[in-house]
Amino acid sequence: MSSKLLREFYNVQNPALGAYLLSNFTVGYKNENQCLVPLPLIFIVLPMVLRNEIVDFISSTNRKSGLRYFAEKFTEKKYLKNDLLIQIQKQSQSYKVLTMESLRLAIAQNLIILEDKTYLMPIEGNIKKFKSNSDELKKMAKAAEKLGAWCAQLSLAEVSQILKVRF
């Protein structure tokens, strides 16, 4: 792998970016139902939000439509991208280390609080201090927040069934 390609890979798949995206996910979740985020949910965030094709689907889906409609779009004739949805489980395994490193950093930087070793709560004031001129980063952050809101409307079992993932 060339050094330029390796640098580009690290720019996208690094714990600082992951911490920011996990934080946005928890904000979306908490704003939707005022509840704490079940820890297992964070393992779907990075595999979904770091994939440009999936972020495009999230961005093009109305927030009010929800996770079910989002998942159904992958099987529509005009898209036929069901393979992307099926890959989330495998990708969540591949991203497990990055997700844990990102979570540790988010906690260390006071972006997220871990409650009772099983739930997460955002510290919104600290997240909002982060500014970026990158449209791609803004798009990923909004996608993470929207994904959090969608997940907050469902049980873990429903999210698991819709996204075809195991927690």
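Keep in mind the model is a prediction, meaning the values are calculated, not measured.
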Run the side-chain donor-acceptor check on residues 40-55: report pairs under 3.5 Å with partners two or more places apart or on a different chain.
unit_1	atom_1	unit_2	atom_2	d
R51	NH1	Q87	OE1	2.8
R51	NH2	E53	OE1	3.0

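Among all heavy-atom pairs drawn from A71 and I162, the shortest one is CB-CG2, 3.5 Å. What you find for G66 and T61 is that their closest heavy atoms are O-CG2, 4.4 Å. When all heavy atoms of S23 and L111 are compared, the pair lying nearest together is OG-CB, 3.1 Å.
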query = Could you go step by step and tell me if I123 and I113 meet the side chain to side chain contact (heavy atoms under 4.5 Å, CB included) rule?
reply = CA-CA 7 Å; I123 304 174; I113 295 172; 3.5 Å; yes
Trace of the side chain to side chain contact (heavy atoms under 4.5 Å, CB included) decision for R166 with Q93 = CA-CA 10 Å; R166 293 181 308 274; Q93 297 299 316; 5.6 Å; no
ask   = Between V37 and F25, is a side chain to side chain contact (heavy atoms under 4.5 Å, CB included) present by the stated rule, with each step listed?
value = CA-CA 9 Å; V37 180; F25 177 84; 3.8 Å; yes
request  = List the steps, then state whether side chain to side chain contact (heavy atoms under 4.5 Å, CB included) holds for D116 with L36.
outcome  = CA-CA 11 Å; D116 297 327; L36 302 178; over 6 Å; no
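Side-chain contact annotation: S65 with K73, donor-acceptor N/O pair under 3.5 Å absent.
At a threshold of 4.5 Å between non-hydrogen side-chain atoms, the residues K164 and Q89 do not count as touching. Side-chain contact between L22 and L120 is absent, with no heavy-atom pair separated by less than 4.5 Å. A 4.5 Å side-chain heavy-atom check between M140 and L21 finds at least one atom pair inside the cut-off. Considering only heavy atoms from C-beta on, L98 comes within 4.5 Å of P15 through its side chain. A 4.5 Å side-chain heavy-atom check between K30 and C35 finds every atom pair outside the cut-off. In this structure the side chain of V159 reaches within 4.5 angstrom of the side chain of L67, judged on heavy atoms. No side-chain heavy atom of L147 sits less than 4.5 Å from a side-chain heavy atom of Y29. The side-chain heavy atoms of Y119 and L114, taken from C-beta on, include no pair separated by under 4.5 Å.
Between F70 and F74, the ring planes are perpendicular. Angles over 60° get that label, and only those under 30° would be called parallel.
To the nearest 0.5 angstrom, K142 atom NZ is 9.0 Å from D135 atom CG. With values rounded to the nearest 0.5 angstrom, C151 atom SG is found 6.5 Å from L163 atom CG. Here T26 contributes atom OG1 and E145 contributes atom CD; the two are 9.0 Å apart, rounded to the nearest 0.5 Å.
Judged by distance alone, with hydrogens and angles left aside, the side-chain atoms of N62 form a donor-acceptor pair with the main-chain N or O of K64 at under 3.5 Å. When atom types are taken as modelled, the side chain of E158 and the backbone of S155 share a donor-acceptor pair closer than 3.5 angstrom.
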